[in-house]
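These notes concern the structure reproduced below.
Predicted, not measured: the structure shown is a model, and the values here were computed from it. Proteins come first, then strands; the chains are lettered A, B, ... in the order of their sequence lines, and each starts at number 1.
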Amino acid sequence: MKIAALGIDVGSTTVKMAGVNASGEMIWNHLEQVAPRVEKQVDSFLNKLKEEINSLAGIPLVATGYGRNLVHQAVKNVTEITCHAKGVYHQLGHGGTLVDIGGQDSKVIVIGAQGQVVDFAMNDKCAAGTGRFLENSAARMQVSIDEMGSVALSATEEVTISSTCTVFAESEIISMVAHGVAVEPILMGLHRSLIKRVVAMVRSVGLVPPLLLSGGVVKNPAIRKVIEEETKEQVFLPEHPQLMGAYGAALLALKVKQK
Amino acid sequence: MNMTIPPRKEVITDIKNHGGLVAAVLPIHYSRALLRAFSIYPVEVWGPPKVDVSLGGAHLQAYICSIVHNGLSFLKMGGLNIADLILIPHTCDSLQGLTSVLIDLIQPEQVIIPLYLPRGQREEDVAFLVDEFRSLYTRFSDLTGKHPTSKDLLTAIKREEMSDLLLTKLYKNRQQVGLSNIDFYRLVRSREYLPAEHFSTLAEKTLQAATEPRPGIPIILSGILPEPMEVLTMIDKMSGLIVADDLACCGRRLYAPGTSPDPFRRMAERIVYAPPDPTRGNSIEERLKYLTEMAQNSGAQGVIFYEVKFCEPELFDLPSLRAGLKEQGLASIIIEVDINNSLPRQVATRIGAFLEMLDS
């Protein structure tokens, strides 16, 4: 394994790291839940990798994500907007409108024909339209976050959750549960509520097809289905949707090395 | 370059020690010359940031912007006690509301003087403002017992015009004066409280220290004010270079010198024909033309609309303004802030991503 460059994405929920070879192919990756002490966690990431490949000398690291400024080993910090666009474009080979639903924020990025960011919008002020919305609701419904999508898709009917606000949605859920509504239709309604918020962001920048998805939340199959229903567009996913930020960062690190 | 700007408190104390009166002036447009002709020194109150807003919150709705909330809170905590009068231009509904709250309910010790501004650039708008300035003259006369002549007024006007010319020159040479984004705006914003003659000295010194143009990703900053000021340091760190601005506290007050021999008309014309400003009724088309030309002349690649949350005159124009800029090939982004909050990480990410986008 000949790693030429590394990227790390310190997100609000998980820390992802990707290694690429000289051709820009992802040949190594690692993902963990984010620890309270990010600096220590990054040190342990790098030590683990060092054990695998003996030396990290001459391998540049670019950091992105919420905690990018805490990665003192990085040669450069780049925002997750640029890194996600870079990673997805490199993996899929074309531009489009990328929706990245992360744990704490969501982004819509219009990627141009050459892979450049043309426009973007971010929802970063509240949990509406983010993974945290689902996480909170899953906890309230006592459904594991991993099963949430499949449980929602098993619904034969759907209720309307009118709140995109996480706190108010929780109140709505409590009220519905108290009125005897089953878990499945509530979960389906929750997915639609989240996606409607995301689609509003897509419309604010203007959808340039195809629609692309990245971020940990897209592992949830209900998210993909509902976003296709709401946008009437087929969605395309990269092979490792959750690692696109780290991958993009690694590609930028490779560029630093080649300069 | 090392630049020492006297702090606001020191300037106010000095004015008071020399028998001057202090007017606390709320945003945005007014005539400094008219006040100075009566030996009243304007000290502007743009918030200030980070005060206990609960004091003002008791009188204002939650959807009033933080500049107005903070202005009232600052007054209630005694921050304006040093002022002899409070001048409140009718900039927006919130500031007009603040005037009513102060006059009708709070009734502070200081005299509250409203200034009604016209919403257009027609001859009748100039005439309206001339009348307003004549009324203010009477009020200031009653307050101070002074009756400055036309010659006195013109002397005060020319002193301000000189200072504004130097300010305009600073803007034109901003890339050569060797100041970082934050130092440039510290200097420009000292005009909010420094007497014109002091500001002119500082500006002249700065202009003499010309250096090579600074590198950076060229952008325009638009909005009301760059608070918290850390945003400027952040833009510096991210290699952004503010090459021009459309800020209410700065670039929108680059008043051109007047020509009229009548002092009241001259003061009015300077404000009515100032750079476009939504609070003075300029249309979106005028603002779009102005911003596009500003970008062409400065080489700016994009516009950051750095807005105070709930600022209705600003936010109302933005969708059309941004769409127009996009048609001209100019990227833009909106950042909304509350001047009480420290700069959140999300703002850094948005601005960083915007600069990366322009740089790519």
Side-chain angles (χ1 to χ4, degrees), chain A residues 9-12 38 62-70 76-86 89 95 98 100 102-127 129-130 200-201 203-206 208 245 248-249 251-252 255, chain B residues 62-63 66 217 219 230-231 233-240 301-311 315 318-360:
Chain A
D9 178 0
V10 185
S12 61
V38 170
V62 165
T64 189
Y66 172 79
R68 62 185 178 276
N69 293 321
L70 299 171
K76 200 175 168 185
N77 292 331
V78 181
T79 65
E80 46 272 42
I81 307 275
T82 301
C83 289
H84 274 266
K86 187 93 187 158
Y89 177 81
L98 172 65
D100 173 75
Q104 199 161 273
D105 62 24
S106 46
K107 317 162 193 71
V108 176
I109 309 165
V110 180
I111 306 172
Q114 274 78 47
Q116 79 281 20
V117 175
V118 175
D119 202 355
F120 66 92
M122 265 182 101
N123 169 35
D124 51 24
K125 284 186 184 161
C126 76
T130 73
M201 271 192 350
R203 294 199 174 116
S204 76
V205 293
V208 179
L251 292 169
L252 289 167
K255 217 171 162 185
Chain B
Y63 52 79
S66 45
I217 304 157
I219 50 163
E230 298 104 272
V231 71
T233 312
M234 183 198 284
I235 293 172
D236 274 326
K237 278 186 189 160
M238 292 171 175
S239 305
Q301 294 172 4
V303 183
I304 297 179
F305 290 103
Y306 191 79
E307 305 293 359
V308 177
K309 202 171 175 181
F310 303 128
C311 179
L315 297 171
L318 287 190
S320 310
L321 209 48
R322 292 189 71 207
L325 290 173
K326 198 173 178 181
E327 276 177 26
Q328 311 277 340
L330 270 174
S332 67
I333 185 174
I334 304 175
I335 307 285
E336 261 188 292
V337 292
D338 180 314
I339 63 168
N340 292 305
N341 297 344
S342 46
L343 216 51
R345 169 196 70 85
Q346 291 92 328
V347 169
T349 298
R350 283 177 189 228
I351 293 179
F354 184 67
L355 292 171
E356 285 165 7
M357 183 177 95
L358 296 179
D359 200 30
S360 70

Applying side chain to side chain contact (heavy atoms under 4.5 Å, CB included), name anything that partners A:Y89, two or more places apart in sequence or on another chain. A:I111

By a 4.5 Å heavy-atom criterion (distance strictly below it), what part of A:D119 contacts chain B: side chain, backbone, both, or neither? both

With a 4.5 angstrom heavy-atom cut-off, is it the side chain or the backbone of B:I333 that approaches chain A, or both, or neither? side chain

Would you mind checking which part of A:V205 comes under 4.5 Å of any heavy atom in chain B, side chain (CB onward), backbone (N, CA, C, O), both or neither? backbone

Is it the case that the side chains of B:R350 and A:T79 hold a donor-acceptor pair, with the cut-off being a distance below 3.5 Å and no angle test? no

Say you draw a straight line from CE of A:M122 to OG1 of B:T349; how long is it, rounded to the nearest 0.5 Å? 5.0 Å

In chain order, what residues pass the side chain to side chain contact (heavy atoms under 4.5 Å, CB included) check against B:E230, with sequence neighbours excluded? B:K50, B:P228, B:S342, B:L343

Interface residues of residues 351-360 of chain B facing chain A - non-hydrogen atoms under 4.5 Å apart: B:G352, B:A353, B:F354, B:E356, B:M357, B:S360

Contacts of B:D338 meeting side chain to side chain contact (heavy atoms under 4.5 Å, CB included) (sequence neighbours excluded), chain-then-number -> B:S66, B:N340, B:N341

Portion of A:V118 that has a non-hydrogen atom of chain B nearer than 4.5 angstrom: backbone

Count the heavy atoms of every other residue, nucleotide or ligand shown that sit under 6.0 Å from NZ of A:K107, and state whether that count exceeds 12. yes

I'd like to know whether OH of A:Y66 has more than 12 heavy-atom contacts from other residues, nucleotides or ligands below 6.0 angstrom. no

